[in-house]
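We use all heavy atoms of the structure for the numbers below, so side chains are in, but hydrogens, waters and symmetry mates are not.
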Amino acid sequence: MVAAFVLRGLCGARSVLRCSPAELLRAPRRGHRLTPADDELYERTRISLLQRESPQIMYIDSYSSRGFMVNGNRVLGPCALLPQSVVQWNVGSHRDITEESFSLFWLLEPRIEIVVVGTGDRTERLQPQVLQALRQRGIAVEVQDTPNACATFNFLCHEGRVTGAALIPPPRGTALTSLERAAE
């Protein structure tokens, strides 16, 4: 009984799905990559950059070998990004990073959940005692090259996480232009 009902439903659905060959030719095919000729079938998509949802959140707009552009403000050299401020970070390279240089991250309220460390153009290992000191204080650490650290920091801030960043600019030749310049 149930099988007959299902078959009857399928046969009825099959007749509804029938269409002429001319209609099939006009219907856009979704099983292939779109080409410029397919723009006639689909409307073009336009993207507008709107005002940020939360203007008080820190975002890294761009970076270069000289420093960073954070929320439209230029920061020269290595910097530490905190939830509401940016400070110069007194390190020259990943070898200069010590437990003392991270002390500002555990002195803040509200507590920083995660610190993203950008070590230049390559991911470098930090001293184990430095990582252990942060973890003992309940702060997660993510060590990456600076371009990926900037992207990770922006992503975590957009998620609403209480995030800090310790960034060393990449060497010459590596740069990300700001979105505003790329749009011009």
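- The minimum heavy-atom distance between Cys150 and Leu167, with the atom names listed, is SG-CD1, 4.3 Å.
- Residues Phe102 and Val117 have side chains in contact (heavy-atom distance under 4.5 Å, counting atoms from C-beta outward).
- Criterion: ILVMFWY side-chain heavy atoms under 4.5 Å apart, direct or through other members. Under it, Ile139 and Val87 are part of a common hydrophobic cluster.
- For the atom pair CG (Asn90) and CD (Gln88), the distance works out to 9.0 Å, reported to the nearest 0.5 Å.
- Counting heavy atoms of neighbouring residues, nucleotides and ligands inside a 6.0 Å radius, atom CD of Glu100 does not exceed 12 of them.
- Taking the side chain as every heavy atom from C-beta outward, Pro170 and Ser65 never approach each other to under 4.5 Å.
- A donor-acceptor pair under 3.5 Å is formed between the side chain of Asn154 and the backbone N or O of Ile60.
- Taking CH2 from Trp89 and CG from Asp96, the interatomic distance works out to 9.0 Å, rounded to the nearest 0.5 Å.
- In this structure, Leu131 CG and Leu126 CG are separated by 5.0 Å, a value rounded to the nearest 0.5 Å.
- When the side chains of ILVMFWY residues are joined at heavy-atom separations under 4.5 Å, either directly or via intervening members, Ile97 and Val115 end up in a single hydrophobic cluster.
- Scanning both residues, Arg137 and Glu99, for their nearest heavy atoms gives NH1-OE2, 3.8 Å.
- The shortest heavy-atom contact between Val143 and Thr123 is O-CG2, 3.7 Å.
- With hydrogens and angles disregarded, no donor-acceptor distance shorter than 3.5 Å links the side chain of Gln144 to the backbone of Glu124.
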Practice prompt. Go through the steps to decide whether Val75 and Tyr63 satisfy the test side-chain contact (heavy atoms from CB on, under 4.5 Å), and finish with yes or no.
Written response: CA-CA 9 Å; Val75 181; Tyr63 60 84; over 6 Å; no
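- The nearest pair of heavy atoms linking Val162 to Pro110 is CG1-O, 4.2 Å.
- Counting only heavy atoms from C-beta outward, the side chains of Phe68 and Ser62 never approach each other to under 4.5 Å.
- A donor-acceptor pair under 3.5 Å is formed between the side chain of Thr146 and the backbone N or O of Ile168.
- Arg122 CZ: 12 or fewer foreign heavy atoms inside a 6.0 Å radius.
- Hydrophobic clustering, with ILVMFWY side chains joined whenever heavy atoms are under 4.5 angstrom apart, keeps Val141 apart from Leu156.
- Checked by atom type and distance alone, the side chain of Asn148 never pairs as donor or acceptor with a backbone atom of Asp145 at under 3.5 Å.
- Atom CG of residue Leu134 and atom CD1 of residue Ile112 lie 10.5 Å apart, to the nearest 0.5 angstrom.
- Val130 and Val116 sit in two unconnected hydrophobic clusters of ILVMFWY residues. Membership requires side-chain heavy atoms under 4.5 Å apart, directly or through other members.
- Using a 4.5 Å heavy-atom threshold, the side chains of Leu82 and Phe105 count as touching.
- Rounding to the nearest 0.5 angstrom, the gap separating the CZ atom in Arg95 from the OG1 atom in Thr119 is 10.5 Å.
- Here Gln84 contributes atom CD and Met58 contributes atom CE; the two are 8.0 Å apart, rounded to the nearest 0.5 Å.
- The side-chain heavy atoms of Asn73 and Val86, taken from C-beta on, include no pair separated by under 4.5 Å.
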Worksheet item: Where do Val70 and Leu81 land on the side-chain contact (heavy atoms from CB on, under 4.5 Å) test, with the steps shown first?
Response: CA-CA 9 Å; Val70 181; Leu81 302 178; 3.9 Å; yes
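- Between Ala149 and Gly118, the shortest heavy-atom distance links the atoms CB-CA, 3.6 Å.
- Here the side chain of Asn71 pairs a donor or acceptor atom with the backbone of Tyr59 at under 3.5 angstrom.
- Counting only distance, with no hydrogens or angles, the side chain of Asp121 and the backbone of Pro171 share no donor-acceptor pair below 3.5 Å.
- The side-chain hydrogen bond (donor to acceptor under 3.5 Å, both in side chains) contacts involving residues 101-116 comprise Glu113-Arg161, where partners must be two or more places apart or lie in separate chains.
- Across all non-hydrogen atoms, the minimal contact from Gly120 to Pro147 is O-CD, 3.8 Å.
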